[in-house]
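Quick notes on the structure that follows.
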Number of protein chains: 2
Amino acid sequence: MIQSDLIKGSLKTIVLKLLDENGRMYGYEITRKVEELTDGKIKLTYGALYPVLHKLESEGVLVTESENFNNRTRIYYLLTPHGHSVVTEKIKEMTEFIGSLQRIIDTKPGLSYA
Amino acid sequence: MIQSDLIKGSLKTIVLKLLDENGRMYGYEITRKVEELTDGKIKLTYGALYPVLHKLESEGVLVTESENFNNRTRIYYLLTPHGHSVVTEKIKEMTEFIGSLQRIIDTKPGLSYA
DNA sequence: ATTGTATATATAAGTTGTTTATATATTACA
DNA sequence: TGTAATATATAAACAACTTATATATACAAT
């Protein structure tokens, strides 16, 4: 987990984007997916993930579906119609933010961070 | 200031990068520069900026040079040799982080956030 | 048998990094 | 005369994390 402090603020957007793309996911699955997509560079902690999921549920951004799998409870999360519009907004913001960051760290001739 | 929560964690890297590129800068100048580079999308608050600068100074990442300009005090901040190696590390982390974020929000066919 | 790893969710306490509010002071323009 | 721009600073409040802890099943290895 190299980018421990960089992740701050982007967790919610990451979760929403994955749910939008995969229809429905359970918490553990979300952490696996993020690790997979980032080659292990981003590892979500459950202490951060579950409170975020619960908060999004209380805000009406997503709903849950409990299911039993191999004697373990799985709680699937899926976006509400309102959730879909939230994702759209969040992805736009993040895209803009990434663009801004890139403009700032864009290396001028004479500097190298390789 | 659209990306209020996204900025969390990246402020330090932004400051270090600007100092590395511009030799030395004073606090107010840093906020102007960030606004300029991001078309006003990222506005640093002084309540966040100055504590970060003071902390970096106490850590030996940067040193200060006080000067008087038009009867106003300007405190220039510049990187120490140790500071330069910190920048290198931070930029690498941020570059990796941005890459990870992009892989996550990379839109698959059928989805659109335009 | 039992230890360890993977699967699965959850919360409380503590820490960190912000925002907001406030303070001070000069210059320049209307 | 007051408002915007320039310039730094700190305290209080808040939000978002990490760390620690708890619980429980399945499966593989020793």
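Chain letters run A, B, ... following the sequence lines, proteins first and then strands; every chain starts at 1. Heavy-atom basis, side chains included; hydrogens, waters and symmetry copies ignored.
Phosphate proximity of D:dA7 to B:Thr73: absent, as no side-chain N or O sits under 4.0 Å from OP1 or OP2. The phosphate of C:dT9 has neither OP1 nor OP2 within less than 4.0 Å of any side-chain N or O from A:His54. Residue A:Arg32 places at least one side-chain N or O under 4.0 Å from the OP1 or OP2 atom of C:dT7. Here B:Asn71 reaches the OP1 or OP2 of C:dT27: one of its side-chain N or O atoms lies under 4.0 Å away. For A:Tyr46, no side-chain nitrogen or oxygen approaches OP1 or OP2 of C:dT9 to under 4.0 Å.
Within 4.0 Å (heavy atoms only), A:Arg74 reaches sugar-phosphate atoms of the nucleic acid but no base atom. Base contact: A:Gly47 has a heavy atom under 4.0 Å from a base atom. Among the protein residues, B:Tyr76 comes within range of no part of the nucleic acid, since none of its heavy atoms lies under 4.0 Å from any strand.
Straight-line distance from the CD atom of A:Glu35 to the P atom of C:dA6: 10 Å, rounded to whole Å. Following rounding to the nearest Å, B:Asn68 (CG) and C:dT27 (C1') show an atom-to-atom distance of 13 Å. The separation between B:Lys12 atom NZ and C:dT16 atom C1' is 10 Å, rounded to whole Å. Atom P of nucleotide C:dT18 and atom CG of B:Leu49 are separated by 10 Å, given to the nearest angstrom. For A:Leu44 and C:dA8, the CG to P distance is 16 Å, given to the nearest whole Å. Following rounding to the nearest Å, A:Tyr28 (OH) and C:dT5 (P) show an atom-to-atom distance of 13 Å. Remark: P of D:dT6 and OH of B:Tyr26 are 8 Å apart, rounded to the nearest angstrom. Look at CD on A:Glu29: it is 18 Å from P on C:dA6, rounded to the nearest Å.
Of the two residues contacting DNA chain D, namely A:Pro51 and A:Asn70, the nearest-nucleotide position lying further toward the 5' end is that of A:Pro51.
Residues A:Gly23 and A:Leu78 come closest through the heavy atom pair O-CB, 3.5 Å.
Among the nucleotides D:dA16, C:dA8, D:dT18, the one closest to the side chain of A:Tyr50 is C:dA8. In this structure, the nucleotide among D:dT18, C:dT19, C:dA10 sitting nearest to the side chain of B:Ala48 is C:dT19.
To the nearest 0.5 Å, the span separating CZ on B:Arg103 from CD1 on A:Ile42 amounts to 8.5 Å. Here NZ of A:Lys17 is found 14.0 Å from CD1 of A:Ile30. Values are rounded to the nearest 0.5 Å.
Taking the charged nitrogens against the carboxylate oxygens, A:Arg24 and A:Glu67 do have a contact shorter than 4.0 Å, which makes a salt bridge. The existence of a salt bridge linking A:Arg32 and A:Glu35 is confirmed by a sub-4.0 Å separation between a basic side-chain nitrogen and an acidic carboxylate oxygen.
Rounded to 10 degrees, the angle between the two end axes of the helix from C:dA1-D:dT30 to C:dA30-D:dT1 is 10°, with five pairs used at each end.
A donor-acceptor pair shorter than 3.5 Å cannot be found between the side chains of A:Lys33 and A:Tyr28.
Remark: B:Arg74 fails to qualify as a cation-pi partner of B:Tyr76 under the 6.0 Å distance and 45° angle criteria applied to the six-membered ring.
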Determine, step by step, whether A:Asp106 and B:Leu37 satisfy the side-chain contact (heavy atoms from CB on, under 4.5 Å) criterion, reporting the C-alpha distance in whole Å, the side-chain angles of both residues, the deciding distance to 0.1 Å, and the verdict.
CA-CA 10 Å; A:Asp106 179 45; B:Leu37 287 171; over 6 Å; no
